[in-house]
Amino acid sequence: MGEHSTSNRLAVDQPTRGADHNRSLADQADPATDEMLLPSLDDGVTLLDVEGSRGVPILQSLVLNHLLLHDGPAFWVDANGHATTPTLAQIAPSRRLLDRIHVARGFTAYQHYGAVCDLPTAVNQSIRESTTNDTVRDRQPADSDGESPYTPSLIVAPAVDVEYRADDTLGDRHADTLQARTLTRLATYADGYDIPVLVTRSERDEFTESVATVADHHLECKQTRMGPRILGEDFETLVYPVDDGAYYQTTFAYWRQLLEARAAQVGVEPTTPSTPTPDSVGSGVTVDGESVAVGTDPLLDAWTASAGGR
């Protein structure tokens, strides 16, 4: 009897490791809750900082997660090759999600700024096309939460600083000014459409202090031995246990598993998108000198920045 009491006392007094504490919290949580998935994006500008990499899978997972939870398309102003069709296709639980992403690409500072300026025109064109399409004509104009399937649900602008930083035709003062105008327009769209605007930056330095200043919310993703850990005002990643007691890692299978769980939660039937082989419409070069092929399928190249500086 005494040995049993001592054993219980030692079990209680034994220090609990952080990983074990997180595991116990995860075991108590409902797997369908947000705590086991990804953070939701609130209205306003959200800055995502990723430690140690460009964070493309993390960024794209947040975008796809948001589209699973909300009606309406996403409008993506791309820079530095973040809107990669193969990556999205690998982690998307349904190809229909990809059909809701409209992409414009800017390979110079003026092209990027022009794409941001042209976004309202692209939104209006998308609404006209959607409301006259026979397949959506009979859909309800809005759901019970007041969301419309036609107006934007999200704007994405990754590496929002990279083109202004790399453009040799701009002096420091003009680069600051043009980037500030871009950020102001993005903040205006967040307020005007009452939606989240998700941005990232290529570096944390004096040049991108304005990005942090304009942001209403801040998410940080740090790489750990167990995988990515996302921190925000109201969100913190705990652990991602699997059946064999191991942990998910930062692989495409990991992100796809999270999004499939979200899709099952909201009633979206998963599909297995085939490896995309989009028709090439050209190519571009990222700031790192990497050649990037530009395709049109399954993403929608909704608008292009054909105009010069504004």
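These numbers come from the heavy atoms of this one structure, side chains and all, not from hydrogens, waters or symmetry mates.
- In this structure, His70 contributes its side chain and Leu67 its backbone to no donor-acceptor pair below 3.5 Å.
- Crowding of Asn124 atom CG: a count of heavy atoms from other residues, nucleotides or ligands under 6.0 Å exceeding 12.
- Between Leu231 and Lys222 there is a side-chain heavy-atom pair separated by less than 4.5 Å.
- Between the side chains of Thr182 and Tyr164, at least one donor N or O sits under 3.5 Å from an acceptor N or O.
- Taking CG from Asp172 and CD from Glu206, the interatomic distance works out to 9.5 Å, rounded to the nearest 0.5 Å.
- A donor-acceptor pair under 3.5 Å is formed between the side chain of Ser153 and the backbone N or O of Gly72.
- There is no side-chain donor-acceptor pair under 3.5 Å between Thr108 and Asp167.
- Ser148 places a side-chain N or O within donor-acceptor distance of the main-chain N or O of Tyr150, the cut-off being under 3.5 Å.
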message = Working note: Val156 + Val77, criterion side-chain contact (heavy atoms from CB on, under 4.5 Å); need CA distance, chi angles, decisive distance, verdict.
response = CA-CA 6 Å; Val156 189; Val77 185; over 6 Å; no
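- Between the side chains of Arg262 and Gln265, at least one donor N or O sits under 3.5 Å from an acceptor N or O.
- The shortest side-chain heavy-atom distance between Tyr110 and Leu170 falls under the 4.5 Å cut-off.
- Taking every heavy atom of both residues into account, Leu68 and Ala263 meet most closely at CD1-N, 3.9 Å.
- We find the CD1-NE2 distance between Ile155 and His102 to be 12.0 Å, quoted to the nearest 0.5 Å.
- Atoms NE2 and CD, from His218 and Glu220 in turn, are 4.5 Å apart once rounded to the nearest 0.5 Å.
- Closest non-hydrogen pair, Ile195 versus Pro152, comes out as CG2-O, 3.2 Å.
- Here the side chains of Leu259 and Ser61 are in contact, with some heavy-atom distance below 4.5 Å.
- Looking only at distances, no side-chain donor or acceptor of His112 sits under 3.5 Å from a matching main-chain atom of Asp78.
- Distance CG/Leu119 to CZ/Phe75: 6.5 Å, rounded to 0.5 Å.
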key: Val199 and Thr46: CA distance, side-chain angles, deciding distance, side-chain contact (heavy atoms from CB on, under 4.5 Å) verdict   = CA-CA 6 Å; Val199 302; Thr46 295; over 6 Å; no
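- Between the CZ atom of Phe207 and the CG atom of Asp161 there is a distance of 6.5 Å, given to the nearest 0.5 Å.
- Atom CD1 in Ile58 sits 6.0 Å away from atom CD1 in Ile230 (nearest 0.5 Å).
- Considering only heavy atoms from C-beta on, Val123 stays 4.5 Å or farther from Thr151 through its side chain.
- Between Asp49 and Arg204, the closest heavy-atom pair is CB-NH2, 3.1 Å.
- Side-chain atoms of Gln179 do not come within 3.5 Å of backbone N or O of His174 as any donor-acceptor pair.
- For the pair Arg165 and Ser202, the tightest heavy-atom approach, listed with the atom from each and the gap, is NE-OG, 3.7 Å.
- Counting heavy atoms from C-beta on, the side chains of Leu186 and Val160 come closer than 4.5 Å.
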request  = Could you go through the side-chain contact (heavy atoms from CB on, under 4.5 Å) check for Leu47 and Leu219 one step at a time?
outcome  = CA-CA 6 Å; Leu47 170 61; Leu219 292 173; over 6 Å; no
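- Leu98 has its side chain within reach of Leu64: a pair of non-hydrogen atoms, C-beta onward, lies under 4.5 Å apart.
- Scanning both residues, Leu48 and Leu198, for their nearest heavy atoms gives CB-CD1, 4.1 Å.
- Checked by atom type and distance alone, the side chain of Thr188 pairs as donor or acceptor with a backbone atom of Thr184 at under 3.5 Å.
- Between the side chain of Thr208 and the backbone N or O of Arg201 there is no donor-acceptor pair closer than 3.5 Å.
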message = Please determine whether side-chain contact (heavy atoms from CB on, under 4.5 Å) holds for the pair Arg185 and Tyr113, giving the CA-CA distance in whole Å, both sets of side-chain angles, and the decisive distance to 0.1 Å.
response = CA-CA 9 Å; Arg185 283 185 173 268; Tyr113 177 64; 3.6 Å; yes
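- For Asp205, the CG atom is densely surrounded, since the number of other residues' heavy atoms within 6.0 Å is greater than 12.
- Counting only heavy atoms from C-beta outward, the side chains of Thr131 and Ile127 approach each other to under 4.5 Å.
- In this structure, Pro196 and His66 approach most closely via the heavy-atom pair CG-CE1, 3.6 Å.
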